[in-house]
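Data block below; observations after.
In what follows, every chain begins at residue 1, and chains take the letters A, B, ... in the order their sequences are listed. Please read all numbers here as calculations on a predicted model, not as lab measurements.
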Amino acid sequence: MITLKETIRSVLYERLKDIYPIVPEDIDFLYPPQAKFGDLALSLPMSLAKKLGDNPRRIAQKMTAEIGALPGILRMEIAGAGFINLFLDPAPFFRGRLASSAAKKGALRPDERKIIVEHTNINPNKAAHIGHLRNACLGDTLVRCLRFKGETVEVQNYLDDTGVQVVDVVYGLMELERKTVADLEKIDRFDYYCWDLYARTAAYLEEHPESYGRKAEILKGIEHGREPESEMAFAVSRRIARAHLRTMKRIDASYDVLPCESSILGLKFWERAFALLKERRAIYFQNEGPNAGCWVMKVEDEDDREKIIVRGDGTVTYVGKDIAYQMWKFGLLGRDFYYEPFAEEDGRTLWISTARPNDRNIGFGRASRVYNVIDGRQSYLQKVVVQGLRALRFEAQAEKSVHFSYEMVALSLRSLKYLGIEATAEEREKGFVEVSGRKGLGIKADDLLDLLEQKALAEVDRRNPELPDESKRRTAAQIARGALRYFMLKFARNSMIVFDVDDALSFEGETGPYLMYTVVRLNSIFRKLEERGGTTRADLEKRAAESRVSFDILNPAERDELWNLIVTAAKFEEEILHSVASLEFSHLAKFAFLLSQKVNAYYHRSPVLAEEKADVKNIRILGLYFVRGALEKALDLMGLSVPERM
RNA sequence: GCGCCCGUAGCUCAGUGGAUAGAGCAAUGGACUUCGAAUCCAAAGGUCGCAAGUUCGAAUCUUGCCGGGCGCGCCA
């Protein structure tokens, strides 16, 4: 569809440019709301009406004559206030699409040299919760779509292994639990253990202000590599990071590299950035006022506001460190980390940064564009970081430093009941409860996935009792993942999800399992086709390539329905580009759902295997084959995989 | 107080300038000897928070107001 639109646009422009005061961008297509209005529409007559001082319908009349015949267009009609509706010639269009989809050549081209997507970024001090799942689902889907577009993408998952959150858990382990590093080995489900310990320690620290001295000592110890605090923090963060990776593996999210805060400190990234910030006068030393003794940066758009970058005691704030890190991502720092293998998955190595020099010649970073998937509450800080790049006169990089923000996941009151927690009066008033790792309030990612899997397994078992257990379990895991990923994608990123366990566990209606089920059934049709008639996938591809299709052999109702289905599926690439450009993957989700609804309705009315007329059967097969291709790809980009049976 | 986001069907949400505003859930009625009912079909459900403005055309853009959320630290 993209190619076709471009072709028509350039023909239209050539024919109309001398008659009307237009530029190529004025020729914009829209999709008519109903099939009877055709497949594409031009609103040009209406937008020209004022300029020409004429009424739109008369312009449309005249313009239609001036345009003449268009490639691939059967006829044009004037409708409504002055639309020119274009009707595609179905058979050639479908032939073209079958041929190009068989060749897997899209109209998509990369725009960047290299893109970094940073997502997940969970503090390595406790189990992951549902809010983290939203982050990973959005981030991983962005990665898949960018790669589909042809971009080179590097996936980073930042590990804040020296932050206060880890410090709290280290405090809990050492001071409250009196554990040594060796003891940790014996703890089962370490991430769950720390979930509770962290909540308990946070509460303890709040109630015992006298413990602050020891806490500060631990923080210093970790930052300066002093034992035993440093070793403990290292053990905790690595062990939790592995637990997070296992959890994310369940939803099929993966990463290339884990850059660590400890390496940033160890390799003195900040010192280098600090020197540059001073040199380029992006920050200045404040001598008076409340911020006296600090290095500060001016924040634009707000009157006389200063953001502290270096504190009075000489330590650097989060924003300062993040500016240095962001510079590294663009290759502006002039230094790199060292790397060690952290894990192997599917034959690929996941690397982790280290400050210890080694000879491995491996490098990350140096991107031309960066997406940071971080929740919307950090918008202000992200804005300040980008301003930091600007103040350093890295204008181009600031421009391509994108905060992919999303709203938080809160808990519904019903979900709270499920956790066995009583809502406060204020929470009842609001109708939801904010997830909080500090209070241990939230639903753990693995618990949710377990619940989904358990429920899916019961369904699979009921429907396919003859399947081997292993295959049932694998299918249940796929269904759980599909349900979760679709759930996380179907909402616009800026709307808060009030998470309800029952809604999220549903497998009916607009859900991941619905989409998966659609493809499973389509596959089943093709499987039966092969069993009964010996039509293999290769035969289909050959038939698609030859494809002497004609829509005229169908009755008008089916002809319209099938044509509508094909046109919808043909918008697939556009939907991906639209989703990537707007960072709104609910578009992709809705598209896949709409296409599923249409194809389900279609083959319900127009059976394939039982059809006796060979040519009718043939076009139905090719239609479903084409739609299945788009649907499979859409599901794959959302991270849904399709089981054999379900 | 300032900044960002949200307000669309009973509920949960799509829909960023185009034609009669769409889904799912819930509730109602119907379809399984048929390519799998995790499905499909039908009917029902709307002053798009309110007001003004811009436009040939506004749920969509602008302004004001009302209601809700989130930020605004020498925490991250």
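Relative to the six-membered ring of A:F591, A:K571 misses at least one condition, a distance below 6.0 Å or an angle of at most 45° to the axis. Both the sub-6.0 Å distance and the 45° axial angle are not jointly satisfied by A:K321 relative to the ring of A:Y325. A cation-pi arrangement, defined by a distance under 6.0 Å to the six-membered ring centre and an angle within 45 degrees of its axis, is absent between A:R134 and A:Y406.
Residue-level contact check: A:R527 touches neither bases nor backbone, having no heavy atom under 4.0 Å from any strand. As judged by a 4.0 angstrom heavy-atom cut-off over every strand, A:M516 is placed among residues making no nucleic acid contact.
Not one side-chain nitrogen or oxygen of A:R463 sits closer than 4.0 Å to the OP1 or OP2 atom of B:A37. Contact check, A:Y318 against B:A76: no side-chain N or O comes under 4.0 Å of OP1 or OP2. In this model, the phosphate group of B:G57 is not approached by any side-chain N or O of A:R57 to a distance below 4.0 Å at OP1 or OP2. Listed pair A:K430 / B:C70 meets the phosphate criterion, a side-chain N or O lying under 4.0 Å from OP1 or OP2. Look at A:R521 and you'll find a side-chain N or O under 4.0 angstrom from OP1 or OP2 of B:A37. Distances shown here put every side-chain N or O of A:S43 at or beyond 4.0 Å from the OP1 or OP2 atom of B:G18.
Heavy-atom nearest nucleotides on RNA chain B were determined for A:G80 and for A:V319, and the one closer to the 5' end corresponds to A:G80.
Below the 3.5 angstrom threshold, one finds a donor paired with an acceptor across the side chain of A:K36 and the base of B:U20. Side-chain N/O atoms of A:N600 and base N/O atoms of B:A37 include no donor-acceptor pair closer than 3.5 Å.
Across all strands shown, B:U60 remains unpaired; no Watson-Crick or G-U wobble contact has both distances below 3.5 Å. Nucleotide B:C25 forms a Watson-Crick or G-U wobble pair with B:G10, both donor-acceptor distances falling under 3.5 Å. When Watson-Crick and G-U wobble pairs are counted only if both distances are under 3.5 Å, B:C75 pairs with no nucleotide at all.
In this structure, the aromatic ring of A:F83 is positioned over the six-membered ring of the base of B:A19, centres within 5.5 Å and planes within 30°. An aromatic stacking contact between A:Y380 and the base of B:G3 is absent, as defined here by ring centres under 5.5 Å apart and ring planes under 30° from parallel.
Just one residue in the list A:L452, A:L489, A:I130 forms a side chain to side chain contact (heavy atoms under 4.5 Å, CB included) with A:L484, and that residue is A:L452.
Across residues 480-491 of chain A, A:F491 each have a non-hydrogen atom less than 4.0 Å from an atom of RNA chain B (numbered order).
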